[in-house]
Structures are given as structure tokens and as C-alpha cells.
Amino acid sequence: MSEFSQLLHYAAALSGCASLLYVGVLFVVALVSVLAPTPERRKDARTTLTILTRRRQR
């Protein structure tokens, strides 16, 4: 393989790993927003989830 194709391969692998990590963080925050024992923690987790998914409140 040429150096360019190796660079492209590593960039795609790094992008895939970063995407998996981001989805994992979203999953954990979503779980906390549902399963947290106190209303304050659930609200904080929902706020964080909103920020991470870049949704706007209506």
C-alpha cells in the first residue's frame, strides 16, 4: 500500500473508534437520565444529553 492509502485507512479507523466512543457516552448518559435515583440527577443527565445531541428545547 502507498503511504496515502495507509493514512486514509488509519484516519477511517480512528474516526470509527471515536464514533463508537461517542455513542457509548450517549448511551450511558441516556441510561442515567432514566435510572438516576434523584430528580436533580435525572434533570442534569437530560440536560447533558440535550447538549451532546445538539437538540433544541421547544
Side-chain angles (χ1 to χ4, degrees):
M1 278 199 264
S2 70
E3 288 181 25
F4 182 71
S5 63
Q6 281 183 339
L7 180 64
L8 204 58
H9 173 75
Y10 291 136
L14 183 61
S15 175
C17 289
S19 297
L20 285 176
L21 180 64
Y22 184 71
V23 168
V25 167
L26 286 178
F27 181 73
V28 169
V29 171
L31 276 178
V32 170
S33 72
V34 173
L35 302 175
T38 63
E40 296 89 23
R41 284 191 180 175
R42 286 192 296 270
K43 183 180 179 198
D44 289 343
R46 281 192 297 267
T47 302
T48 304
L49 189 60
T50 301
I51 291 168
L52 288 174
T53 56
R54 295 182 182 95
R55 293 185 319 190
R56 295 184 192 260
Q57 292 183 352
R58 295 177 187 174

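- Considering every non-hydrogen atom in both Ala36 and Arg42, the closest pair reads O-NH1, 2.7 Å.
- One distance of note links CG of Leu52 with CZ of Arg54; it measures 8.5 Å at 0.5 Å rounding.
- Note that the CZ atom of Arg46 and the OG1 atom of Thr48 stand 11.0 Å from one another [nearest 0.5 Å].
- No side-chain donor-acceptor contact under 3.5 Å links Ser15 to the backbone of Ala12.
- Val28 and Val25 sit in two unconnected hydrophobic clusters of ILVMFWY residues. Membership requires side-chain heavy atoms under 4.5 Å apart, directly or through other members.
- Both Val34 and Leu31 are part of a single hydrophobic cluster, where members link through side-chain heavy atoms under 4.5 Å apart.
- Screening Asp44, Ile51, Leu49 against Val29 for a side chain to side chain contact (heavy atoms under 4.5 Å, CB included) leaves a single residue, Leu49.
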